[in-house]
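To find a chain, count down the sequence lines: A is the first, B the second, and so on, and within it residues start at 1.
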Amino acid sequence: MVERYNPQAIEPKWQARWEQDQLYKTLPACDKPKYYVLDFYPYPSGEGMSVGHARNYVPTDVLARYYRMKGYNVLHPMGFDAFGLPTENAAIKLKVDPHELNERYSANYVRQYKLMGLSYDWSRLINSAHPEYYRWTQWIFLKLFNAWYDPRLDKAVPIETLEAELAERGSGAILDYIDNHPEHIGVVNKGTPAITAEQWRAMSRREQNEYLYNFRLAFQAESTVNWDPVDKVVVADEEVENGRAWRSGALVIKRTIRQWFFRITAYAERLIKDLDEVDWPERIVTMQRNWIGKSEGAEVIFRVCNAEQSAIPVFTTRPDTLWGATFMVLSPEHPLVPHITAPEHKAEVERYIAFAKGESEEQRTATDKEKTGVFTGAYAINPVNGERIPIWIADYVLMSYGTGAIMAVPAHDQRDFEFAKKFNLPIKVVVFPQAEMERLGLSGAPSEAAITDYERRMTAAYEDKAGVIVNSGPLSGTPAGTEAIRAAIAYCAQMGFGKRRVNYKIRPWLISRQRYWGTPIPIIHTPDGPLAVPEHELPVLLPKVSAYEPGPNGESPLESIPEFVNTPLGRRETDTMATWACSSWYYIRFADPHNDKAIGDPKEIDYWLPVDTYVGGAEHAVLHLLYSRMWTKVLYDLGIVKFKEPFRTLRNQGLILSPQKRVDEHGREYYEKMSKSKGNVITPDEVIAEHGADALRGYELFISDFEQTVPWSTQGVPGVRRWLDRVWRIVLAPEEEKGPPAQMTPRDLRRIAHQTILRYERDLKAFSFNTLVAALMEFTNALYKARDAGLVGAPEWDEAIDILLRLLAPVAPHIAEELWHRLGRPYSIHQQPFPVADEAAARADVLHLAVQINGKVRDRITVPADADEETIKQAALASEGAKRYLNGAAPKQIHYVKGRLVSIVV
RNA sequence: GCCGAAGUGGCGGAACUGGCAGACGCGCGCGACUCAAAAUCGCGUUCCCUCGGGAGUGUGGGUUCGACUCCCACCUUCGGCACCA
């Protein structure tokens with residue numbers, strides 16, 4: 001009797017051998033075709049991994065092993081996103097240096113990865129908190145600091161080109177160009193004043209540097225930011241969900257602090273456009289588009305009555321409704337508010353501004369919120385018709401979007417409609433709806449009476465574009481929508497009070513953190529302004545400190561270390577970079593991870609990048625995945641990399657939930673997420689200890705569709721284990737326990753084997769790993785049947801076993817290697833070529849066709865695969881089932897669906 | 001509210017381009033082996049049923065010889081966005 005399958009014995013043995021032989025060490029750039037398959041690199045937590053974390057690692061490992069067997073040079077690396085708050089908070093709590101925790105936690109992760117038999121090339125391991133790595137994060141930071149986005153070249157270029165232009169011609173030409181090419185609105189800070197060459201030359205170096213901040217791709221600015229009072233840290237817009245910080249869950253508050261930003265806004269248009277080139281889940285693409293938030297329209301200047309020099313520009317996507325603007329609303333923070341407010345309204349306005357400021361993000365965005373606002377006492381002139389309209393302030397107008405001021409068109413904007421109703425402001429219809437035209441049977445312009453009548457009946461704004469423009473001077477009579485919008489913009493431009501404008505919701509990416517455990521920002525603040533630390537002095541090392549806590553007002557712990565802060569040239573920057581910076585380029589570093597002369601040898605970078613398949617969770621949709629794209633584009637512009645998009649194919653794995661079913665207060669059943677605090681975590685360690693890594697891997701693949709959220713099943717792993725047991729026995733001892741005799745020819749077995757290869761490759765390419773495993777299980781079942789049909793020992797049998805083991809190798813590498821070894825085949829199975837499907841062998845000899853009568857299956861027929869259509873139809877008509885329903889009559893219709901069925905209509 | 005995805009047995013899920021619904025696995029039932037148990041093997045397992053069939057993929061309609069698949073309306077769940085002018 002053959003010994004039993006014992007994963008605990010064979011898995012450590014082979015893992016040690018593979019490691020000793022460096023079986024998975026990746027070759028440098030060469031003539032072989034490459035395949036780069038990457039997992040989102042994790043932040044190593046003290047808790048280690050759960051089976052949920054392995055959900056993406058196993059499929060990518062299958063891909064890596066598959067492509068190796070297909071003859072590709074495969075890059076399949078792993079690293080750690082080691083900086084950041086979780087480790088820092090743990091360090092504070094445990095009173096242990098985060099450097100030490102980082103080493104401890106990442107070592108534990110490596111141990112777990114190895115336990116699962118993942119084929120990473122460990123010689124390429126990177127850790128973002130090691131100076132050899134963050135030196136280059138700092139290097140890229142300086143590339144951004146020393147660059148600006150020239151809108152005329154549509155790319156980033158060194159800041160010296162801007163300085164030269166300012167000295168020669170001032171900034172007028174650049175700002176004019178942006179004005180006429182509104183897609184480039186994000187290349188410069190809002191409100192940057194135009195200066196002449198004389199003014200530039202008259203500035204001190206410090207003033208010049210301050211002005212350059214308006215253009216640099218990495219810049220410092222005074223800004224209202226999201227402050228997380230629990231973690232005592234600022235967080236980026238992308239890290240705030242429903243007014244709460246992404247990580248801590250605390251309600252964020254607004255604070256004004258000087259911070260570092262990356263000018264992601266300069267890339268808004270390209271970040272949208274290049275989404276067309278990537279193979280990403282539609283959901284992520286949509287989220288990025290929404291986040292960037294492009295909208296097109298016009299900027300129109302309204303003048304304030306009795307203060308003709310006060311111009312208030314507004315942004316609108318519906319310039320075709322300009323004639324319907326019956327009031328204006330400014331954001332409470334709008335800088336003009338104090339200047340235009342009439343004395344008798346001053347007190348009320350100030351009270352309202354204080355109220356708006358005190359509102360939290362959550363209150364301000366509450367869904368059922370009533371409109372609030374106050375009248376400033378001032379009036380503006382609607383430039384298209386000269387009408388005098390009141391200026392209000394209200395919190396529904398945001399300073400951060402557009403110009404912070406709107407023209408209110410209550411008839412055609414629901415928010416303005418609600419505001420007008422509440423404060424009894426006039427509503428003027430300028431788009432007469434199509435539906436009303438039809439109701440009245442109108443083909444030409446509606447009468448004044450018809451418009452007034454409709455106006456009276458309105459219960460909501462008419463925001464649709466279907467209809468005809470009325471009461472709008474030269475525009476009246478035009479169909480509303482695109483054409484009218486274009487005409488309105490042309491009219492405004494011609495009259496000199498408006499022009500085409502594009503707006504993006506995306507704002508500069510807030511990168512600085514006043515915390516310890518991050519990459520130091522390599523800047524020294526001199527009396528002349530910010531100074532980049534010279535490249536040869538990098539890295540700026542993160543000094544050891546005794547206390548990691550930020551100050552009570554969020555001061556960086558680095559501020560209290562004089563030897564760090566004080567330099568001969570000035571005061572060193574004490575902010576560190578958020579971890580998003582580290583993760584925005586790590587995929588490049590893997591191409592040449594230990595290079596100490598450059599971020600990587602261009603030969604290696606050009607060979608390996610971009611990433612072919614990138615797999616991770618969907619929670620980074622607008623964070624890491626957007627930031628990385630921006631950095632890639634900057635590096636592309638500066639000639640450092642040759643690719644525009646870092647990740648060609650992206651897939652998101654689904655979540656794995658705890659297996660215990662819970663019932664909520666409404667009696668509904670649900671499964672909770674695995675978390676240490678709930679005590680429901682299942683670790684790969686415990687599963688492997690009981691059933692082995694191969695069974696764990698098999699079940700991770702088999703559990704569900706890859707992208708689906710699914711509860712873990714404790715019964716699932718033993719099921720896969722049973723299958724591996726069956727593989728073990730049928731390979732090593734096929735004759736030991738026979739079942740009842742079965743029917744199968746050698747030809748049948750060969751067909752099944754080759755069909756399995758085809759199914760396997762099709763499923764793998766479709767990320768359909770659950771059906772890939774099912775195909776292997778069916779193949780195994782077929783081998784048992786073949787045994788009972790007496791095929792053991794036939795050449796087809798040996799071929800089938802050979803194919804089974806090769807197909808098994810990427811999925812269950814240990815058992816495949818062991819069985820391969822026991823059959824006396826040469827080490828290692830993982831260096832064998834993948835089997836090639838023989839299409840002829842896979843083809844069926846006979847077809848089993850269903851015979852349908854009026855759409856219902858009534859019989860089945862078997863015909864030779866090469867039978868012609870007429871023969872097949874006749875065979876179907878002659879079948880017992882068909883005869884029963886035909887009763888000798890001729891069929892009305894008869895359809896043959898190739899290889900599937902014959903459908904007869906009687 | 002808006003946008004997107006998804007609803008299939010007791011459970012996880014299959015089903016290619018509109019073509020035999022329920023592959024594969026779990027669970028369950030019956031049987032074999034065994035003194036017994038475990039393991040293993042075999043058979044069965046959508047529902048109803050008068051054993052000939054009938055119904056069936058969230059609900060209601062439609063297109064088609066034929067619909068899990070396409071169209072319309074609705075319900076539910078999950079994700080995302082949410083005063084973005």
Side-chain angles (χ1 to χ4, degrees), chain A residues 4 241-242 281-287 289-291 293-295 297 314-318 321 329 364-369 371 394-398 400-409 412-416 418-419 503-506 618-619 621-622 661 668 670 698-699 702-705 707-720 722-723 725-726 729 736-740 759 762 766 768 770-778 780-781 784 788 848-860 891-906:
Chain A
R4 296 198 47 191
E241 277 171 12
N242 301 324
E282 194 49 45
R283 177 184 50 180
I284 304 282
V285 170
T286 307
M287 280 168 71
R289 285 224 166 84
N290 291 343
W291 186 261
K294 180 180 183 175
S295 53
V314 303
F315 175 68
T316 174
T317 54
R318 291 295 302 275
T321 64
V329 186
R364 206 166 159 155
T365 56
T367 40
D368 49 353
K369 192 168 180 258
K371 291 277 177 294
D395 62 0
Y396 82 91
V397 175
L398 311 172
S400 55
Y401 186 79
T403 61
I406 62 158
M407 62 169 200
V409 184
H412 306 295
D413 182 289
Q414 187 57 28
R415 295 156 301 176
D416 299 343
E418 284 162 19
F419 196 83
N503 242 292
Y504 301 89
K505 276 199 294 189
I506 193 168
E619 67 274 17
V622 291
K661 197 178 269 181
R668 279 191 303 214
Y670 70 100
Y699 186 59
F702 189 62
I703 185 167
S704 175
D705 180 77
E707 301 197 353
Q708 218 63 51
T709 293
V710 66
W712 185 258
S713 160
T714 46
Q715 295 298 327
V717 183
V720 174
R722 262 197 291 279
W723 163 57
D725 244 316
R726 280 165 63 76
R729 293 195 312 266
E736 220 158 70
E737 290 174 31
K738 277 202 165 180
R759 286 174 66 181
R762 190 191 69 202
S768 185
N770 53 341
T771 53
L772 180 152
V773 172
L776 290 178
M777 288 173 168
E778 285 178 58
T780 309
N781 293 344
Y784 273 79
D788 295 338
H848 302 280
L849 302 174
V851 179
Q852 284 187 352
I853 311 294
N854 293 340
K856 297 239 182 299
V857 180
R858 298 299 183 185
D859 209 339
R860 286 161 208 284
K892 254 198 214 146
Q893 286 182 49
I894 177 160
H895 304 262
Y896 170 55
V897 183
K898 200 164 184 304
R900 298 204 179 261
L901 52 76
V902 181
S903 180
I904 299 166
V905 187
V906 298

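In this model, the phosphate group of A14(B) is approached by a side-chain N or O of N770(A) to a distance below 4.0 Å at OP1 or OP2. Proximity of T771(A) to the phosphate of A15(B): no side-chain N or O atom is located under 4.0 Å from OP1 or OP2. Regarding contacts with the backbone of G13(B), a side-chain N or O of S704(A) is found under 4.0 angstrom from either OP1 or OP2. Between R729(A) and C41(B) there is a side-chain polar atom (N or O) within less than 4.0 angstrom of OP1 or OP2.
With rounding to whole Å, E619(A) atom CD is found 18 Å from C81(B) atom C1'. A straight line from CD of Q852(A) to C1' of A67(B) spans 11 Å, rounded to a whole angstrom. Going from atom CZ of R289(A) over to atom C1' of C2(B) covers 18 Å, rounded to whole Å. Between Q893(A) atom CD and U64(B) atom C1' there is a gap of 10 Å when expressed in whole angstrom units. The interatomic distance linking D705(A) (CG) with C24(B) (C1') rounds to 14 Å, in whole Å. What separates OH of Y784(A) from C1' of G42(B) is a distance of 14 Å, to the nearest Å. For the pair I703(A) CD1 and A14(B) P, the interatomic distance rounds to 12 Å; values are reported in whole Å. Here C2(B) presents its P atom at 22 Å from CH2 of W291(A), a figure rounded to the nearest Å.
N770(A) and D705(A) get closest at one heavy-atom pair: ND2-N, 3.5 Å. Taking every heavy atom of both residues into account, V397(A) and G404(A) meet most closely at CG1-O, 3.5 Å. Looking at every heavy atom in both residues, T317(A) comes nearest to S295(A) through CG2-CB, 4.0 Å. The shortest non-hydrogen separation linking Y401(A) to K505(A) is CE1-CG, 3.7 Å. L901(A) approaches L849(A) most closely through the heavy-atom pair N-CD2, 4.0 Å. Residue V720(A) comes nearest to G698(A) through the heavy atom pair CG1-CA, 3.8 Å, listed as atom of the first residue, atom of the second, then distance.
Comparing the P positions of U57(B) and G7(B) gives a spacing of 13 Å, expressed to the nearest Å. Rounded to the nearest Å, the gap between the P atom of C26(B) and that of U40(B) is 10 Å. Here the separation of A6(B) from G56(B), taken at their P atoms, is 24 Å to the nearest Å. A distance of about 7 Å separates the C1' atoms of U76(B) and G58(B), rounded to the whole Å. Between G4(B) and C28(B), the two C1' atoms lie 39 Å apart (nearest whole Å). Across the P atoms, U63(B) and C68(B) are found 16 Å apart, a figure rounded to whole Å. The C1' atoms of A21(B) and U69(B) are separated by 11 Å, rounded to the nearest whole Å. Across U8(B) and A15(B), the matching P atoms stand 15 Å from one another, rounded to whole Å.
Using the Watson-Crick or G-U wobble rule with both distances under 3.5 Å, U34(B) pairs with nothing in any strand shown. With a 3.5 Å ceiling on both atom-pair distances, the Watson-Crick or G-U wobble partner of A5(B) is U77(B). In this structure, C43(B) forms a base pair with G29(B), meeting either the Watson-Crick or the G-U wobble geometry with both donor-acceptor distances under 3.5 Å. Of the nucleotides present, none pairs with A67(B) by Watson-Crick or G-U wobble criteria with both distances under 3.5 Å. When both pairing distances are held under 3.5 Å, G53(B) makes a Watson-Crick or G-U pair with C48(B).
Looking at E418(A) and Y396(A), their side chains never come closer than 4.5 Å, going by heavy atoms from C-beta outward. A 4.5 Å side-chain heavy-atom check between D416(A) and I406(A) finds at least one atom pair inside the cut-off. Side-chain contact between W712(A) and V717(A) is present, with at least one heavy-atom pair separated by less than 4.5 Å. Taking the side chain as every heavy atom from C-beta outward, R4(A) and D725(A) approach each other to under 4.5 Å. At a threshold of 4.5 Å between non-hydrogen side-chain atoms, the residues M407(A) and T321(A) count as touching.
G61(B) adopts an anti glycosidic conformation, its chi angle falling more than 90° from 0.
Looking at which nucleotide of RNA chain B each of A774(A) and Y504(A) is closest to, the 5′-most match is held by A774(A). Each of D788(A) and D416(A) was assigned the nucleotide of RNA chain B with the nearest heavy atom; the assignment lying further toward the 5' end belongs to D788(A).
Once rounded to the nearest 0.5 Å, the distance linking CD1 of I506(A) with CG of N290(A) reads 12.0 Å. Separation of atoms CD1 (I904(A)) and CZ (R858(A)) is listed at 11.5 Å; rounding is to 0.5 Å. In this structure, the separation between NZ on K371(A) and CG on D395(A) is 8.5 Å, given to the nearest 0.5 Å. From R762(A), atom CZ reaches atom CG of L772(A) across 10.5 Å, with rounding to the nearest 0.5 Å.
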Could you go over nucleotides 25-28 of chain B and give all protein N or O partners under 3.5 Å, atom names and distances?
from, atom 1, to, atom 2, distance (Å)
G25(B), OP1, N781(A), ND2, 3.1
C26(B), OP1, R722(A), NE, 3.0
C26(B), OP1, R722(A), NH2, 3.1
G27(B), OP1, Q715(A), OE1, 3.0
G27(B), OP2, R722(A), NH2, 3.3

Using nucleotides 36-38 of chain B, report all nitrogen or oxygen pairs with the protein that are shorter than 3.5 Å.
none

Below 3.5 Å is the cut-off: list the nitrogen or oxygen pairs between protein and nucleotides 49-58 of chain B, distance only.
from, atom 1, to, atom 2, distance (Å)
G53(B), OP1, R884(A), NH1, 3.1
G54(B), OP1, R858(A), NH2, 3.4
G54(B), OP2, R858(A), NH1, 3.1

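Using a 4.0 Å heavy-atom criterion, one finds that Q708(A) contacts the sugar-phosphate atoms exclusively. Counting any heavy atom pair closer than 4.0 Å across all strands shown, V897(A) reaches a base atom. Here N503(A) lies out of heavy-atom contact (under 4.0 Å) with every strand. Counting any heavy atom pair closer than 4.0 Å across all strands shown, L901(A) reaches a base atom.
For R900(A), the side-chain atoms get nearest to G19(B) when compared with the rest of G19(B), A85(B), C83(B).
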